[in-house]
Amino acid sequence: MAERFAAWSEVAGLDLVRYGTTADADEIRDTAVAQPLLVSAGMAAAVSLFGDLETAAARADAVAGHSVGEFTAAALAGVLSPEDALALVAERGRGMAEAAAATATGMTAVLGGDRAEVLAAIEAAGLTPANDNGSGQIVAAGTLERLAAFAEEPPARARLRPLSVAGAFHTEHMAPAVQRVREVAGRVGAADPRTRLLSNRDGAVVESGGEYLDRLVSQISSPVRWDACTQTLADLGVTAIIELPPAGTLTGLAKRALRGVELLAVKTPDDLERAKELVAKHSGDAVLVEGPSDE
């Protein structure tokens with residue numbers, strides 16, 4: 001694994017080993033660092049779990065990622081090589097960091113409330129529902145000024161929680177990053193998925209590698225519909241979900257939305273043995289998901 005991380009570090013232009021072990025919280029909070037670090041951690045966990053990424057695609061009935069986790073999902077499904085996934089996400093991180101620095105923007109989680117009323121209130125405030133996570137959780141994003149006004153008159157029966165992020169991800173404010181990543185993506189080859197691969201755009205199972213790559217790029221400035229991904233997982237009849245690092249958020253959402261599905265968040269190496277047991281038990285009906293980050 002050390003050699004693998006050395007190679008990945010060279011591709012990303014970052015010392016992923018140092019950032020993943022000895023770097024302090026402020027260093028890894030940088031969007032340009034956090035995104036490649038999280039994707040490399042997810043791929044490393046999959047390799048530790050299955051031996052290689054090809055086996056991961058063969059053993060998992062479906063793969064999905066939330067936001068930056070879609071790049072990990074693309075590598076697990078065989079759409080992108082690990083190196084191409086890291087090269088693209090490194091460019092994505094740099095582009096989104098620059099876009100975030102251009103305007104004072106942010107994100108606020110809206111917990112609870114009536115879904116229709118929450119969405120209407122977000123629109124009325126001139127904000128974007130950047131993450132629709134289902135289970136009563138929607139993330140509003142936009143300028144800090146509009147977020148402040150939104151907080152003064154929140155939707156009925158809803159709680160607001162400002163997020164510690166660099167900017168308004170998955171909104172029009174990230175448009176400069178889209179063009180930057182699209183130029184790099186034009187030099188990358190994309191294979192068709194070797195297993196079911198879900199898209200954040202609408203929860204669809206995408207069968208074309210080229211289409212999925214295009215969705216990866218456009219998703220930078222468009223909302224994440226994790227609620228739609230969850231519905232697709234339910235429709236597929238999945239029986240188990242394994243969340244790769246950074247783990248915990250998606251299994252928490254699934255606990256409320258996918259009752260009866262066995263869940264496991266791989267947070268430490270100690271969780272890998274149980275994950276292997278879960279894959280063996282639910283072979284053909286297990287799903288790998290890559291958790292969200294603050295980006």
Side-chain angles (χ1 to χ4, degrees), residues 1-9 12 14-31 33-57 59-77 82 85-86 89 93 133 135 137 163-165 226 233 238-258 261-283 285-295:
M1 191 64 74
E3 292 182 1
R4 194 184 301 268
F5 266 103
W8 290 351
S9 293
L14 298 166
D15 187 346
L16 295 171
V17 174
R18 188 184 75 80
Y19 281 120
T21 54
T22 61
D24 61 36
D26 287 336
E27 288 183 280
I28 63 175
R29 193 175 289 120
D30 181 349
T31 299
V33 172
Q35 293 194 24
L37 182 61
L38 293 169
V39 170
S40 64
M43 292 193 300
V47 170
S48 297
L49 179 56
F50 295 101
D52 53 58
L53 297 184
E54 290 76 11
T55 302
R59 299 292 301 278
D61 188 59
V63 179
H66 185 292
S67 188
V68 71
E70 285 203 296
F71 286 80
T72 309
L76 267 57
L86 278 171
V89 82
N133 293 327
S135 300
Q137 183 185 116
L163 302 180
S164 178
V165 296
W226 188 253
L233 294 178
V238 302
T239 59
I241 291 178
I242 297 174
E243 184 179 3
L244 302 175
T249 299
L250 299 184
T251 47
L253 293 170
K255 188 178 296 184
R256 296 187 289 275
L258 297 172
V261 175
E262 197 164 358
L263 307 171
L264 175 64
V266 178
K267 298 181 178 181
T268 73
D270 293 338
D271 296 318
L272 288 172
E273 195 57 40
R274 187 182 164 206
K276 292 176 182 178
E277 294 172 358
L278 203 62
V279 170
K281 178 181 176 183
H282 297 269
S283 182
D285 292 304
V287 175
L288 298 177
V289 296
E290 171 75 354
S293 75
D294 290 340
E295 299 196 85

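- Looking at Arg29 and Asp26, a side-chain N of the basic residue comes within less than 4.0 Å of a carboxylate O on the acidic one, giving a salt bridge.
- The two residues Val33 and Leu14 have their closest heavy-atom pair at CA-CD1, 4.0 Å.
- From Phe5, atom CZ reaches atom CE of Met43 across 8.0 Å, with rounding to the nearest 0.5 Å.
- Note that CG of Leu264 is 9.0 Å distant from CG of Leu272, once rounded to the nearest 0.5 Å.
- Atoms CG and OG1, on Leu76 and Thr55 in that order, are 11.0 Å from each other to the nearest 0.5 Å.
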Check the pair Asp30 / Glu27 against side chain to side chain contact (heavy atoms under 4.5 Å, CB included), numbers first and verdict last. CA-CA 6 Å; Asp30 181 349; Glu27 288 183 280; over 6 Å; no
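- Inter-residue side-chain proximity for Phe71 and Leu38 is flagged as unmet; no heavy-atom pair is nearer than 4.5 Å.
- Under the 4.0 Å criterion applied to side-chain N and carboxylate O atoms, Glu262 and Lys281 are assigned as salt-bridge partners.
- Counting only N and O atoms by type, the side chains of His66 and Asn133 include a donor and acceptor under 3.5 Å apart.
- Minimum interatomic distance between Ala275 and Leu49 (heavy atoms only, all atoms of both residues): CB-CD1, 3.6 Å.
- Formation of a donor-acceptor pair under 3.5 Å by the Thr268 side chain with backbone atoms of Asp270 is found in this model.
- Between Leu37 and Ile28 the shortest side-chain heavy-atom distance falls below 4.5 Å.
- Closest heavy-atom contact between Gly65 and Trp226: O-CZ3, 3.6 Å.
- Summarising the geometry, atom CD1 belonging to Ile242 is positioned 10.5 Å from atom CG belonging to Leu263; distances are rounded to the nearest 0.5 Å.
- Rounding to the nearest 0.5 Å gives a distance of 6.5 Å between CH2 of Trp8 and CE of Met1.
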Lys255 and Thr251: side chain to side chain contact (heavy atoms under 4.5 Å, CB included), yes or no, with the steps? CA-CA 6 Å; Lys255 188 178 296 184; Thr251 47; over 6 Å; no
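- Rounded to the nearest 0.5 angstrom, Leu258 CG and Ser135 OG are separated by 8.0 Å.
- Smallest separation of non-hydrogen atoms from Pro245 and Ala45: CD-CB, 3.5 Å.
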Does the pair Lys267 and Glu243 meet the rule for a side chain to side chain contact (heavy atoms under 4.5 Å, CB included), with working shown? CA-CA 9 Å; Lys267 298 181 178 181; Glu243 184 179 3; over 6 Å; no
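- The shortest heavy-atom contact between Gly42 and Leu244 is O-CD1, 3.7 Å.
- Of all non-hydrogen atoms in Leu16 and Ser9, the two that sit nearest each other are N-OG, 3.0 Å.
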Would you sort out whether Ile241 and Leu233 count as a side chain to side chain contact (heavy atoms under 4.5 Å, CB included), showing the intermediate values? CA-CA 9 Å; Ile241 291 178; Leu233 294 178; 4.0 Å; yes
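- Looking at heavy atoms from C-beta onward, Thr31 lies in side-chain contact with Gln35 at the 4.5 angstrom threshold.
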